[in-house]
Amino acid sequence: MPAGHAPGPASSRDHGLPGATTQMLGSLRVLLSLAEGAEVTGGGVGAGGGDGASRAGFAPGAAPQDFERVSALVELAQKGDAEAFGLLYERYVDVVYRYVYVRVGSTQVAEDLTSETFLRALRRMDSFSWQGRDIAAWFITIARNLITDNAKSARFRLEVTTADMLDADEHVDAPEAEVLQRLRDTRLLEAVKNLKPEQAECVVLRFLQGLTLAQTAAVLGKSEGAVKQLQLRAVRALHRELADVDL
């Protein structure tokens, strides 16, 4: 990557939306299978940790497995190392793109805003601090602000279609079980879309993006306790709407 330039998302690469959606649906099924009223916080991204992770706002054992590598790359990028920033881009571009894409529902707009996110991050690297937040949450916060600046409404909406999230190709000879599962997946995703905007965004950040409670709180500008309650209300709302569905 040339010095001083951030790369733009390659439209041909797989940003992992279908796979991330599958993981999200699996996590939601686990939560919905629990007795209503049970508070489940769970989730998070990977394991790891240590003193550096604690300073970055991670709970014990909640830091990504590559945390030490990422922290070293951030330190180098803050000193002007373009290659280090390029590696951070490669590490987080899919996370940022998925968040933007489900907000705007357009591949071209998502690519443009993702590119602008990393350009802004590159210009502001010297302002980033590990204290109390993780670099993934910082990138997504920049993307979130860009979306708000470019949208008529700041309210969170899942603009992307269910078919796009599931990568729903036509399977003429698909087994009955596969067809039924896709119908269940579609119903669950539609239920997520019907959540209140803050609840839907919490679900997307926690389960589609795989952010921890601390990271989600940083993006939403809320306390971890408030995010726990937001997640709990979202799960209860899904439970009520899907009471007649065998997930």
(message) Which residues pass the side-chain hydrogen bond (donor to acceptor under 3.5 Å, both in side chains) test with Gln23, not counting sequence neighbours?
(response) none
(request) Just jot down the side-chain hydrogen bond (donor to acceptor under 3.5 Å, both in side chains) partners of Asn145, sequence neighbours excluded, or say none. (result) none
In Å and rounded to the nearest 0.5 Å, what is the [atom1] to [atom2] distance from [X] to [Y]?
X      : Y      : atom1 : atom2 : value
Leu213 : Cys202 : CG    : SG    : 8.0 Å
Arg236 : Arg233 : CZ    : CZ    : 9.5 Å
Arg144 : Glu201 : CZ    : CD    : 4.0 Å
Arg120 : Thr141 : CZ    : OG1   : 12.5 Å
Thr148 : Asn150 : OG1   : CG    : 9.0 Å
Leu17  : Met24  : CG    : CE    : 8.5 Å

(message) Using the rule that Ile, Leu, Val, Met, Phe, Trp and Tyr join whenever any side-chain heavy atoms are under 4.5 Å apart, tell me whether Phe128 and Leu76 fall into a single cluster.
(response)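 In one cluster with Phe128: Leu76, no.
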Can you name the residues that form a salt bridge (charged side-chain N to carboxylate O under 4.0 Å, His left out) with [X], not counting sequence neighbours?
X      : value
Glu198 : Lys222
Arg124 : none
Asp126 : none

Residues which pass side-chain contact (heavy atoms from CB on, under 4.5 Å) with [X], listed by chain and number, not counting sequence neighbours:
X      : value
Ala217 : Glu224, Val227
Leu73  : Arg69, Ala84, Leu87, Leu88
Ala234 : Leu195, Gln199, Val203
Glu190 : Thr162, Thr186, Lys193

(message) I need the minimum non-hydrogen distance between Ala136 and Leu211, along with the two atoms involved.
(response) CB-CD2, 4.4 Å
So, do [X] and [Y] sit near enough that their side-chain heavy atoms are less than 4.5 Å apart?
X      : Y      : answer
Gln215 : Leu205 : no
Arg103 : Val100 : no
Met125 : Asp81  : no
Leu208 : Met165 : yes
Leu188 : Leu32  : yes
Gln231 : Leu31  : yes
Val96  : Ile142 : no

(message) As a quick check of understanding, evaluate side chain to side chain contact (heavy atoms under 4.5 Å, CB included) for Arg187 and Leu183, giving each step before the final call.
(response) CA-CA 6 Å; Arg187 180 72 185 277; Leu183 290 173; over 6 Å; no
(request) Using ring-ring contact (aromatic ring centres under 6.0 Å, His included) as the criterion, list what pairs up with Phe139, not counting sequence neighbours. (result) Tyr92, Phe118
(request) Test His15 against every option in Asp94, Thr107, Thr114 by the side-chain hydrogen bond (donor to acceptor under 3.5 Å, both in side chains) rule and name the one that passes. (result)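 For His15, the side-chain hydrogen bond (donor to acceptor under 3.5 Å, both in side chains) check succeeds only for Asp94.
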(request) Please lay out, stage by stage, how Val102 and Gln209 fare under the test side chain to side chain contact (heavy atoms under 4.5 Å, CB included). (result) CA-CA 11 Å; Val102 300; Gln209 305 304 116; 5.5 Å; no
(request) Would you confirm whether Ser115, through its side chain, and Asp112, through its main-chain N or O, come within 3.5 Å as a donor-acceptor pair? (result)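 Pair absent, no side-chain N/O of Ser115 close to backbone of Asp112.
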